[in-house]
Structures are given as structure tokens and as C-alpha cells.
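Okay, structure first, notes after.
Each residue takes its place number in the sequence, starting with 1.
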Amino acid sequence: LQKLYAHGRLAVELSAEAGLRVCELLQLTADDIETTKRHIRVDWQICDKQTKGHASRRVPPKHGSVRTAAYQRRSQTGFDLGQAMIARVREAKLEFADGSNPEALLFPHPTAQRLFWYTEWKNDFVKPATLKAGWRNETFEQTYRQLDKKAGKFVTRIRTVTQFDLTWHSLRHRFARTALDVLGLSPAQLTIVGGWKNVQTVMDRYYKPGEEHLVAAL
């Protein structure tokens, strides 16, 4: 991703360490980051359509999970995330000052310096990066119905779909497993920093007994 987008590795590392949903990540500004404490204020997410009352395309996070997230100084891969965030926040503020990044976005669109549309991020950057990285996927033909405005009727069309075994959202699951297995967060702690709907959701998703627990216990 770094080869396709100037802040690509930072986006990956931060997502895996802070557990941000992709639409929360893409709207972050320099003012949302407290680099000394390594805290992130998550007040909004982007929406892929103009929403009444939200001209900037920002809407509240899923489940209304306004929260403070955090990231480690050094990531699980050994990446110096603390210094990288300090550098990017400083850079975004300079871009804001010279007018090239009007919202001081951490991850702006590379040419328009605006909020990404989610489909742009997924199709133009994430998909080619994951293909190049060799993430497992399956490609197949899909038949669908679409309104032909000129003809005034629905027509049947075929498109090629690439389905990945793991998606960008898998970085959020990686964050959860790191929080549990490495950092030892409790279910309540993970729920509050990750912005899940409730503790039961976290319990069902990440604490459910499986084969690995039997092996470890024996």
C-alpha cells in the first residue's frame, strides 16, 4: 500500500494498533490526535453519500461509539508508530497552513486533498495492494439487475467480482486479538476503546471457546 499511497503503511499500522473502522480512519484530522499520550479522538466517520445536516459527509460512528482510542509506541510489526504519528500530524498541520490540505486530514485523497470516498479507497488503493501482497482471493462472474435509464427498464448484466478471504476490516480483528492476547485487556476495556455495541458482542466474537482453547488447556 505504501507504494500506491504516501501514507499507506501508516494507515495499515494504525488500523491494526488502534482498531479504527476504515470510515473512522479516513476522516481523522491532525486535531484528533494527542501524540504525547498516543490518544485518538473518534467523533465521526465518513458516509458515502451527502447526509442532511452533515455537509462534510461526516456522521457519528457506528452505534454512536464516540470514544477515545489509543495506539502503542511501537507496533506488533516493530514499526515506530509513535514517531510516525508525530511526523504525520506535524506534516498535516503544515499542509493546512499552506492551503494544500484544508481539513488537515491525516489520510486525504492524494490528488484532491479531500475526504476519500470509501469506494475510492477500496478499489483504487486497497484492492490492488492486497492483490500485490498475495492475500488469498477468489474471482468469479456475478449476474445482477440494473436500471437502464435510457431504456427505462431493468436489464441483466455481468460483472467480475474479487472476493478476499481477509478484508481491510480484518485489521480491526487483528487489533482485538492483540488487545486480548498480548496486552491483556478485559472485555469491558476492549469494548470501550474499540467502540463495539456492547460487551456481549465482544464476548461472542473474541472470547468464544474454540479448538485452540482445548489444545492449550490439555
Side-chain angles (χ1 to χ4, degrees), residues 1-35 38-72 75 79 81-82 84-96 99-133 135 162 164 166-176 193-196:
L1 187 58
Q2 184 64 35
K3 294 178 180 179
L4 296 174
Y5 179 62
H7 316 300
R9 178 163 189 180
L10 182 59
V12 174
E13 297 279 4
L14 186 62
S15 295
E17 292 297 325
L20 302 175
R21 298 178 179 92
V22 63
C23 289
E24 296 169 346
L25 176 83
L26 295 177
Q27 64 79 44
L28 288 178
T29 72
D31 290 336
D32 294 325
I33 312 301
E34 172 51 74
T35 55
R38 302 190 304 282
H39 288 176
I40 304 171
R41 191 175 70 243
V42 185
D43 293 339
W44 307 101
Q45 66 177 356
I46 59 169
C47 179
D48 248 17
K49 60 182 178 180
Q50 294 292 150
T51 304
K52 185 177 181 180
H54 297 279
S56 70
R57 288 179 40 232
R58 284 183 171 86
V59 297
K62 187 176 181 180
H63 308 307
S65 59
V66 172
R67 65 193 188 280
T68 298
Y71 55 94
Q72 297 184 88
S75 77
F79 181 67
L81 186 54
M85 287 294 288
I86 289 172
R88 180 59 194 137
V89 166
R90 183 186 300 121
E91 183 181 46
K93 288 181 177 179
L94 291 174
E95 293 167 353
F96 173 79
S100 63
N101 186 354
E103 293 188 72
L105 294 167
L106 295 191
F107 304 103
H109 189 279
T111 55
Q113 295 297 305
R114 55 159 170 77
L115 283 171
F116 266 101
W117 293 94
Y118 170 65
T119 48
E120 291 174 329
W121 175 252
K122 180 180 69 173
N123 294 329
D124 298 344
F125 296 93
V126 176
K127 181 179 178 180
T130 49
L131 286 171
K132 185 69 175 178
W135 284 25
T162 302
F164 288 93
L166 297 174
T167 66
W168 182 273
H169 195 73
S170 302
L171 296 171
R172 180 165 162 83
H173 298 310
R174 167 69 184 203
F175 153 75
V193 298
W196 278 275

message: Please confirm whether the ring centroid of Phe164 lies under 6.0 Å from the ring centroid of Trp135.
response: no
field: Rounded distance [0.5 Å steps], NE2 in His173 versus OG1 in Thr167
entry: 6.5 Å
message: For a 4.5 angstrom cut-off between non-hydrogen side-chain atoms, does Phe175 reach Val193?
response: yes
query: Is there side-chain contact between His7 and Leu1, with heavy atoms separated by less than 4.5 Å?
result: no
query: CG/Leu115 to CZ/Phe107 distance, rounded to the nearest 0.5 angstrom?
result: 13.0 Å
Those residues that, when tested against Glu91, pass salt bridge (charged side-chain N to carboxylate O under 4.0 Å, His left out) (two or more places apart): Arg88
Distance, nearest 0.5 Å, that separates CD1 of Ile46 from OH of Tyr118: 9.5 Å
- prompt: Do any N or O atoms from the side chain of Arg57 and from the backbone of Cys47 form a donor-acceptor pair under 3.5 angstrom?
  reply: yes
With a cut-off of 3.5 Å and sequence neighbours excluded, list every side-chain donor-acceptor pair involving residues 10-28.
{"unit_1": "Glu13", "atom_1": "OE1", "unit_2": "Ser75", "atom_2": "OG", "d": "2.8"}
{"unit_1": "Glu13", "atom_1": "OE1", "unit_2": "Thr77", "atom_2": "OG1", "d": "3.2"}
{"unit_1": "Glu13", "atom_1": "OE2", "unit_2": "Arg9", "atom_2": "NE", "d": "3.1"}
{"unit_1": "Glu13", "atom_1": "OE2", "unit_2": "Arg9", "atom_2": "NH2", "d": "3.0"}
{"unit_1": "Glu13", "atom_1": "OE2", "unit_2": "Thr77", "atom_2": "OG1", "d": "2.7"}
{"unit_1": "Ser15", "atom_1": "OG", "unit_2": "Ala11", "atom_2": "O", "d": "2.8"}
{"unit_1": "Glu17", "atom_1": "OE1", "unit_2": "Gln72", "atom_2": "NE2", "d": "2.9"}
{"unit_1": "Glu17", "atom_1": "OE2", "unit_2": "Gln76", "atom_2": "N", "d": "2.9"}
{"unit_1": "Arg21", "atom_1": "NH1", "unit_2": "Glu24", "atom_2": "OE2", "d": "2.9"}
{"unit_1": "Arg21", "atom_1": "NH1", "unit_2": "Ser65", "atom_2": "OG", "d": "3.4"}
{"unit_1": "Arg21", "atom_1": "NH2", "unit_2": "Gly195", "atom_2": "O", "d": "2.8"}
{"unit_1": "Glu24", "atom_1": "OE1", "unit_2": "Arg21", "atom_2": "N", "d": "3.0"}
{"unit_1": "Glu24", "atom_1": "OE1", "unit_2": "Arg67", "atom_2": "NH2", "d": "2.7"}
{"unit_1": "Glu24", "atom_1": "OE2", "unit_2": "Arg67", "atom_2": "NH1", "d": "3.1"}
{"unit_1": "Gln27", "atom_1": "OE1", "unit_2": "Arg58", "atom_2": "NE", "d": "3.0"}
{"unit_1": "Gln27", "atom_1": "NE2", "unit_2": "Glu24", "atom_2": "O", "d": "3.2"}
{"unit_1": "Gln27", "atom_1": "NE2", "unit_2": "Trp44", "atom_2": "O", "d": "3.2"}

query: Can you tell me if CZ on Arg174 sees more than 12 non-hydrogen neighbours from other groups inside 6.0 Å?
result: no
- prompt: Does the ring center of Tyr5 lie less than 6.0 Å from the ring center of Phe116?
  reply: yes
message: Are the side chains of Trp168 and Trp121 in contact, using a 4.5 Å heavy-atom criterion?
response: yes
- request: Could you pull out all residues at least two apart from Glu34 that satisfy side chain to side chain donor-acceptor pair (under 3.5 Å)?
  value: Thr36
- prompt: How far does CG of Leu105 sit from CD of Gln113, to the nearest 0.5 angstrom?
  reply: 8.0 Å
- request: Report yes if some heavy atom in the side chain of Arg172 is under 4.5 Å from a heavy atom in the side chain of Trp196; otherwise report no.
  value: yes
- prompt: Between Ser100 and Glu95, is there a donor-acceptor pair closer than 3.5 Å when you use the side chain of the first and the backbone of the second?
  reply: yes
- prompt: Say you draw a straight line from NE2 of His39 to CD1 of Ile33; how long is it, rounded to the nearest 0.5 Å?
  reply: 11.0 Å
message: Nearest 0.5 angstrom please: Leu166 CG to His169 NE2, how far?
response: 12.0 Å
Residue pair Met85 / Leu106, side-chain heavy-atom distance below 4.5 Å: yes
